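Position 1 is the first residue of the sequence; numbering continues from there. Both counts, for ligands and for their atoms, begin at 1 and track the order of listing. Quick caveat: nothing in here was measured; it's all calculated off a predicted structure. What's counted below: heavy atoms across the whole structure, side chains too, no hydrogens, waters or symmetry copies.
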Amino acid sequence: MTSRTQIENPTPKRSIVWSNAAFLTLTPPAAIITATWYAVSVGITWIEVTACVALWIVVGLSVTAGYHRLFSHRAYQASFPVRLFFALFGAAAWENSIIAWAAAHRFHHRHVDSQDDPYNPQEGFWYSHMGWIMVEGSKHDDTSNVPDLWKDPICRWQHKYYLAVSTVTNLAITIGLGLITGRMLGMFIFALLVRVVLTHHFTFLINSAAHIWGSQRWSTAHSAKDNWFLSFFTFGEGYHNYHHSFQADYRNGALWYNWDPSKWLIWLLSRLGLAQDLRRSHVDIRLQRLFAEAQRQFSERFDSLEEAFNEFRERAQTAMSESPLSQLRQQFASAEERCEQTLEELKAVRSKWQATLRTGGNRLPESRNLKRQLKRTHRQARSAQREWQRLGQAYLATAAATVHA
Ligand SMILES: [Zn+2]
Ligand SMILES: [Zn+2]
């Protein structure tokens, strides 16, 4: 599919967005180097680990339950404080404003696997993972598909002051944690740098890995896959085949045992009166989709099996027609024809000879000639029958040997 898409629509030349490219290229090695240096020279304690993991969870959930399910898909309604919380802590992920994020994401769902998909998985792992952020894309500045978000004052404000909001939130959290714990440097490395890299790449994996590895029980109309392993690191976003099939559902892991902390958070918010109108796919539509997909897969497998069976039958027929047994059977049939032919000839000659006998007796030259011809044809008919007998016996013996082999 990749090669066909690329041949039909060659990948366009895209100019690089240097600020994004530099940020995404430099932060991972900076995080590894500074974290290693800190571990060796200062020492990592549970404080750095807890701060990093806790913030990764808070910021990550703000992206998955907020940016993604609330703002991009309108899978539920949330109260003002919840929307503000997601706008602030989601900005701390440094994954752009809600409006820009949701616009790209809605284009992804609408044009999935095509050139109008901002993170088109058909362009390979790295492009869909982070390459698309580093280059100009046709849909990058297009926010025409989020008119609802433009009406939301929180989204408008966050979009307008995105750089300031993301920077101030990150600095406020980091400096605040540094003052509380007395480990300011550790917080800058683990609560900020390492956590930003973790949040980035676990989000990115949904656009790359979740379109490559996993199962497709809900639909094969798109490349999205269900991957429970990925869900452990992405707050439930790994059930991506389900999500692309039922994008308005507030759950990505629809079954109660599917690891989906984002859905549990949304459910908890609804119990606390902070979220409403949680949308779920209907049970009959889900079952119908499962049935249709299984039906399609069965029919595909049946067709390919039938094709393989037809090929096998043709090969077997060719092999049979070329086998010594089949050749003997054909020779036997020809010998049988020859027997019938010689018998006919013998009968014709004998009739003629008898006719000459009745008219002129035994001494006529024609009668003598016919008598000689009669003897010759008789020999030929007997010889044809002996050959036919021999071939018949040979066929029976070969057939018996083949069957009992
Ligand atoms: Zn996707
Ligand atoms: Zn989505």
With a cut-off of 6.0 Å (strictly less than), are more than 12 heavy atoms of other residues, nucleotides or ligands near CZ of Arg296?
-> yes

To the nearest 10°, how many degrees is the angle His109 NE2 to the Zn ion (ligand 2) to His73 NE2?
-> 90°

Opening angle between NE2 in His244 and NE2 in His240, taken at the Zn ion (ligand 1), to 10 degrees = 90°

His211 NE2 to His108 NE2 via the Zn ion (ligand 1), rounded to 10°, gives 100°

If you draw the axis of the six-membered ring of Tyr395, does the NZ or CZ of Arg329 fall within 45° of it and under 6.0 Å from the ring centre?
-> yes

Round to 10° and report the angle made at the Zn ion (ligand 2) by NE2 of His105 and NE2 of His68.
-> 90°

Measure from the Zn ion (ligand 2) to every N/O/S atom of His243 and report the name of the nearest one.
-> NE2

For the residue pair His111 and Phe107, categorise the inter-ring angle as parallel (less than 30°), tilted (30 to 60°) or perpendicular (more than 60°).
-> parallel

Just checking, Arg280 and Phe246: is the charged tip under 6.0 Å from the six-membered ring centre and within 45° of the axis?
-> no

In this structure, which one of Ile47, Leu192, Ile175, Ile173 forms a side chain to side chain contact (heavy atoms under 4.5 Å, CB included) with Met187?
-> Ile47

